[in-house]
> 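I am attaching a structure below and will ask some questions about it afterwards.
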Amino acid sequence: MIEVIEPGMYATIQDFGRLGYLKKGLTRGGPIDENAFLWGNYLLKNEPGAAQIEIVLGGSKFKFSTAAAVAVCGADVSLKLDDEERSIWETFQVEAGQVLSIGPARSGLRAYLAVAGGIQVKPQWGSCATVKREQLGGHRGDGSALQKGDTLAIESSTCELTQRIPWRYRPDYSKPPVLGLIPGFQYDQFAMAEREKLSFHEYKISQQSDRMGIRLEGPAIEYAGKGLVSEGINIGSVQVPPNGQPIIMMNDRQTLGGYPKLGNISPLDLSRLAQCRPGQTVQFTRVEVAKVQQQLKNYYDFFGITPACQTDH
């Protein structure tokens with residue numbers, strides 16, 4: 001078992017997400033930084049979607065009553081196993097009775113604690129992903145975050161050899177990201193000058209951002225097209241509400257919406273966006289869907305993600 005000594009600001013159970021239920025109004029959930037999540041399971045030779053703990057800004061402590069091989073990926077946090085320092089983006093052994101402390105994030109926003117075999121949580125609608133808005137999933141099945149005193153079941157495991165992610169694959173969360181935009185259904189209904197605002201200006205991450213959507217602050221984008229009937233919303237959709245400040249829809253978004261959409265952020269760039277803190281800036285560049293599809297196929301093939309698990313993008 002793992003006992004939650006300190007959950008930090010916000011910690012939840014996430015597996016790869018609740019796929020195939022959009023028609024029932026159930027959003028995906030799952031890791032908002034898919035890249036860090038997949039690397040954690042890859043290091044431990046887990047199934048790609050094995051459940052982990054997603055931790056916002058660090059400040060967490062967990063006591064292990066079972067020996068386990070673990071890895072922490074994502075935000076640049078300090079790690080201590082009892083009083084001994086450990087490193088992120090690599091595996092290490094935790095013995096029964098030891099406490100793992102995850103310090104405040106120096107850069108990035110979300111860290112992922114993976115254990116060999118995954119966190120053992122009963123699935124609902126095919127997943128144990130925590131979605132607060134829908135009161136679904138997680139360790140209690142009601143969409144709630146982890147709290148002090150909670151216990152989580154894990155398998156006993158041993159880390160026989162340290163596995164590390166090469167430096168060239170570790171993101172630098174301190175640099176402003178450039179996000180690829182795939183033009184969408186209403187792209188041509190925006191005037192050219194409005195479309196180009198995303199390409200020629202930086203936008204700042206708003207304090208109002210969360211797992212439902214990343215809100216941006218910058219030059220207002222005006223829409224003069226036709227009124228819309230509500231339609232399905234992908235992860236990464238760039239919606240433009242009446243105030244002209246774009247919203248990038250994320251994992252816990254609603255499944256339908258009626259705001260016009262400039263397009264969709266490349267799935268490969270969403271993980272980097274998920275690590276941006278309020279006040280950080282982002283830039284945009286237009287990308288072609290065929291190129292993104294090939295890049296995404298290669299990426300998912302590397303991690304062993306099947307086509308059935310790619311449908312929510």
Side-chain angles (χ1 to χ4, degrees), residues 22-30 32 34 109 131-134 176-293 295-296 310-313:
L22 293 179
K23 63 183 178 182
K24 297 183 180 296
L26 298 179
T27 195
R28 174 183 170 182
I32 192 167
E34 195 174 280
L109 190 60
V131 181
K132 179 181 179 181
R133 183 177 63 85
E134 295 174 350
V178 177
L179 308 176
L181 176 70
I182 304 168
F185 291 138
Q186 288 88 47
Y187 183 80
D188 290 334
Q189 295 181 30
F190 289 86
M192 182 177 293
E194 302 304 312
R195 299 197 301 257
E196 290 181 346
K197 284 180 180 178
L198 279 183
S199 299
F200 290 99
H201 295 86
E202 290 185 339
Y203 280 78
K204 186 168 65 174
I205 306 295
S206 167
Q207 291 281 352
Q208 305 305 314
S209 300
D210 55 23
R211 282 182 51 91
M212 289 180 61
I214 306 296
R215 295 177 179 268
L216 304 179
E217 298 174 348
I221 298 174
E222 296 182 9
Y223 175 73
K226 300 176 182 179
L228 301 177
V229 176
S230 291
E231 59 187 7
I233 305 175
N234 293 328
I235 294 178
S237 293
V238 183
Q239 290 196 139
V240 181
N243 68 0
Q245 300 299 300
I247 306 171
I248 302 175
M249 309 309 294
M250 300 300 282
N251 296 54
D252 292 2
R253 74 208 183 282
Q254 68 272 25
T255 57
L256 294 173
Y259 292 144
K261 293 174 284 297
L262 275 165
N264 218 82
I265 300 302
S266 166
L268 294 171
D269 294 332
L270 289 174
S271 291
R272 183 62 189 84
L273 173 65
Q275 292 289 0
C276 290
R277 299 187 184 190
Q280 286 187 286
T281 59
V282 297
Q283 295 177 306
F284 296 85
T285 185
R286 180 170 166 170
V287 293
E288 299 300 324
V289 64
K291 182 176 181 180
V292 172
Q293 287 174 332
Q295 291 172 335
L296 192 62
Q310 303 173 22
T311 56
D312 202 52
H313 283 306

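Quick note: residue numbers are just sequence positions, from 1. Quantities reported herein were computed from a predicted structural model and do not represent experimental measurements.
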> Between atom CD of Glu134 and atom CD of Gln254, what is the distance when rounded to the nearest 0.5 Å?
10.5 Å
> Would Ile248 and Met250 count as a side chain to side chain contact (heavy atoms under 4.5 Å, CB included) here? Give the steps.
CA-CA 6 Å; Ile248 302 175; Met250 300 300 282; 4.2 Å; yes
> Would you mind reporting whether Leu273 and Pro177 have side-chain heavy atoms less than 4.5 Å apart?
no
> Which heavy atom in Thr281 sits nearest to a heavy atom in Pro176, and how many Å separate them?
O-CB, 3.5 Å
> On a heavy-atom basis, which atom in Leu256 and which in Gly232 lie closest, and how many Å separate them?
CD2-N, 3.7 Å
> Roughly how far, to the nearest 0.5 Å, is the CG atom of Leu262 from the CD atom of Gln186?
9.0 Å
> Please check this pair: side chain of Gln275 against backbone of Leu109, looking for a donor-acceptor N/O pair closer than 3.5 Å.
yes
> List the steps, then state whether side chain to side chain contact (heavy atoms under 4.5 Å, CB included) holds for Arg286 with Tyr187.
CA-CA 11 Å; Arg286 180 170 166 170; Tyr187 183 80; 3.5 Å; yes
> For residues Pro241 and Ile247, report the shortest heavy-atom separation together with the two atoms involved.
CG-CD1, 4.0 Å
> Any side-chain to backbone donor/acceptor pair from Arg133 onto Met212? Under 3.5 Å, distance only.
no
> Does Asp252 use its side chain to pair, donor to acceptor, with the backbone of Arg211 at less than 3.5 Å?
no
> For Asn251, is there any backbone N or O sitting under 3.5 Å from a side-chain donor or acceptor partner on Thr27?
yes
> Do Gln239 and Ile233 make a side-chain contact, defined as non-hydrogen atoms from C-beta onward lying under 4.5 Å apart?
yes
> Is there a donor-acceptor contact under 3.5 Å from the side chain of Lys261 to the main chain of Phe185?
no
> Can you confirm whether more than 12 heavy atoms, excluding those of Lys197, are under 6.0 Å from its NZ atom?
yes
> Tyr203 and side chain to side chain contact (heavy atoms under 4.5 Å, CB included): which single residue from Ile214, Leu198, Leu179 fits?
Leu198
> Tell me the closest heavy-atom pair linking Val238 and Pro246, and the distance in Å.
CG1-CB, 4.0 Å
> Compare all side-chain heavy atoms of Ile265 with those of Leu181 and state whether any distance is below 4.5 angstrom.
yes
> Quick one: list whatever passes salt bridge (charged side-chain N to carboxylate O under 4.0 Å, His left out) with Glu222, sequence neighbours left out.
none
> Under 3.5 Å, is there a donor-acceptor pair between the side chain of Asn234 and the main chain of Gly236?
no
> Please give me the minimum heavy-atom distance between Ser266 and Val292, naming the atom from each residue.
OG-CG1, 3.5 Å
> Measuring from atom CD of Glu202 to atom CZ of Phe284, what distance do you get when rounded to the nearest 0.5 angstrom?
10.5 Å
> Distance-only, no hydrogens or angles: does the Ser206 side chain make a donor-acceptor pair with backbone N or O of Glu217 under 3.5 Å?
no
> Which pair of heavy atoms, one from Arg277 and one from Ile205, lies closest together, and at what distance?
O-CB, 3.5 Å
> Gln208 vs Gln245, test: side chain to side chain donor-acceptor pair (under 3.5 Å). Steps then yes/no.
CA-CA 12 Å; Gln208 305 305 314; Gln245 300 299 300; over 6 Å; no
> Could you give the distance from CD (Gln280) to OG (Ser209), rounded to the nearest 0.5 Å?
11.0 Å
> Hey, what do you get for CZ (Arg28) to OG1 (Thr255), rounding to the nearest 0.5 Å?
15.0 Å
> Could I get the full list of ring pair (Phe, Tyr, Trp, His ring centres under 6.0 Å) partners for Phe190, not counting sequence neighbours?
Tyr223
> With heavy-atom distances below 4.5 Å as the criterion, would you say the side chains of Asp188 and Arg195 are in contact?
yes
> Counting only heavy atoms not in Arg215 (residues, nucleotides, ligands), do more than 12 fall under 6.0 Å from its CZ?
no
